[in-house]
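Presented below is the structure to which this report refers.
Side chains are part of it too, since the values below use all heavy atoms of this structure and drop only hydrogens, waters and symmetry mates. Start at 1 with the first residue, then count along the sequence.
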Amino acid sequence: MTLMNPINRTLIHLLENQHDRTRCALEGLCEADYTREVDGDCNNIQAIGEHLIELRGFQLFLLGSDLGKQLPEKSAASVEELQRKLDQAMSLVCKAVESHDPDDWHAEPTEPREGPWAELPTLIRFVRPINDFTNHLGGIRVLRRIFGNPAEKTQ
């Protein structure tokens, strides 16, 4: 990884940190709390986890990567299945970042692109779902505290 472009390398480190935080947020979570619901949007940990898989797919879309075709189905009946699918999705996003053209991160789009923020440079488009992912990890941690099953560590 030392020969990788600094932007690509930094994004990989950021994704790895997010991966570690995800593992900590789910570690020791009992199955009953995994599907337990409260009021509001993203009202249970299962729904939040499935949304996290979607966010990884969205990142692959924003990078224009064909690896999105290998993304697992978002439904996950257990914490263990969710963690496995999140690991797989994380691996795909890291591969896409590693192979992404470093000259494209800051370049203004020369051809029209699909999707949100199409006119923005790729780096800005890619980072926005990272922020959303991190916010939802916080939601998992809050729900666990509400349920009396707080996560033991942050990473």
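- Contacts of L120 classified as side chain to side chain contact (heavy atoms under 4.5 Å, CB included), with partners at least two apart in sequence or in another chain: W117, I124, R125, R128.
- The salt bridge (Lys or Arg N to Asp or Glu O under 4.0 Å) analysis of residues 63-80, with sequence neighbours excluded, yields the pairs E54-K74.
- Considering only heavy atoms from C-beta on, R36 stays 4.5 Å or farther from Q46 through its side chain.
- At least one side-chain heavy atom of Q59 sits less than 4.5 Å from a side-chain heavy atom of I130.
- The heavy-atom pair separating E119 from E108 by the smallest distance is O-OE1, 3.7 Å.
- Considering only heavy atoms from C-beta on, E16 comes within 4.5 Å of I12 through its side chain.
- A donor-acceptor contact shorter than 3.5 Å is absent between the side chain of N149 and the backbone of R144.
- By the side chain to side chain contact (heavy atoms under 4.5 Å, CB included) test, A96 pairs with L60, L63, S65, L67, sequence neighbours left out.
- Atom-to-atom distance recorded for R21:CZ and L137:CG is 8.5 Å, nearest 0.5 angstrom.
- Here E81 pairs with K85 under the side-chain hydrogen bond (donor to acceptor under 3.5 Å, both in side chains) rule; sequence neighbours left out.
- Applying the side chain to side chain donor-acceptor pair (under 3.5 Å) test to pairs two or more places apart or on separate chains, those with a residue in residues 22-32 are R23-D87.
- Inter-residue side-chain proximity for P116 and F58 is flagged as met; some heavy-atom pair is nearer than 4.5 Å.
- For the atom pair CE of M90 and CD of Q83, the computed distance is 11.0 Å after rounding to the nearest 0.5 Å.
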Requested in this report: Start with the C-alpha gap between I53 and L82, add the side-chain angles, then the distance that decides, and say whether side chain to side chain contact (heavy atoms under 4.5 Å, CB included) holds.
Outcome: CA-CA 9 Å; I53 295 169; L82 175 65; 3.9 Å; yes
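- The CG atom of L15 lies 11.0 Å from the OG atom of S91; values are rounded to the nearest 0.5 Å.
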Report task. Evaluate the criterion side chain to side chain contact (heavy atoms under 4.5 Å, CB included) for residue pair D132 and H51; output intermediate values, then yes/no. Result -> CA-CA 10 Å; D132 193 19; H51 179 64; 3.4 Å; yes
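- Qualifying side-chain hydrogen bond (donor to acceptor under 3.5 Å, both in side chains) partners for D101, counting only residues two or more places apart in sequence or in other chains: none.
- With sequence neighbours excluded, the residues satisfying side chain to side chain contact (heavy atoms under 4.5 Å, CB included) with L123 are I7, L11, W105, H106, V127.
- Annotation for L71 and G57: closest pair CD2-CA, 3.3 Å, computed over non-hydrogen atoms.
- Rounded to the nearest 0.5 Å, atoms CG (L29) and SG (C24) are 13.0 Å apart.
- Under the rule for a side-chain hydrogen bond (donor to acceptor under 3.5 Å, both in side chains), the partners of T134 that lie at least two apart in sequence or sit in another chain are Q18.
- Side-chain contact check for P150 versus R141: every heavy-atom pair is 4.5 Å or farther apart.
- Counting only residues at least two apart or in different chains, ring pair (Phe, Tyr, Trp, His ring centres under 6.0 Å) contacts with residues 61-83 are absent.
- When all heavy atoms of I45 and F147 are compared, the pair lying nearest together is CD1-CE1, 4.3 Å.
- For T122, the side-chain hydrogen bond (donor to acceptor under 3.5 Å, both in side chains) partners at least two apart in sequence or on another chain are D104, R113.
- The heavy-atom pair separating V79 from L26 by the smallest distance is CG1-O, 4.0 Å.
- No chain of hydrophobic side-chain contacts below 4.5 Å, direct or via other Ile, Leu, Val, Met, Phe, Trp or Tyr residues, connects L62 to V97.
- A25 and I140 get closest at one heavy-atom pair: O-CG2, 3.8 Å.
- For the residue pair H13/N17, the side-chain donor-acceptor check at 3.5 Å is not satisfied.
- With sequence neighbours excluded, no residue satisfies salt bridge (charged side-chain N to carboxylate O under 4.0 Å, His left out) with R84.
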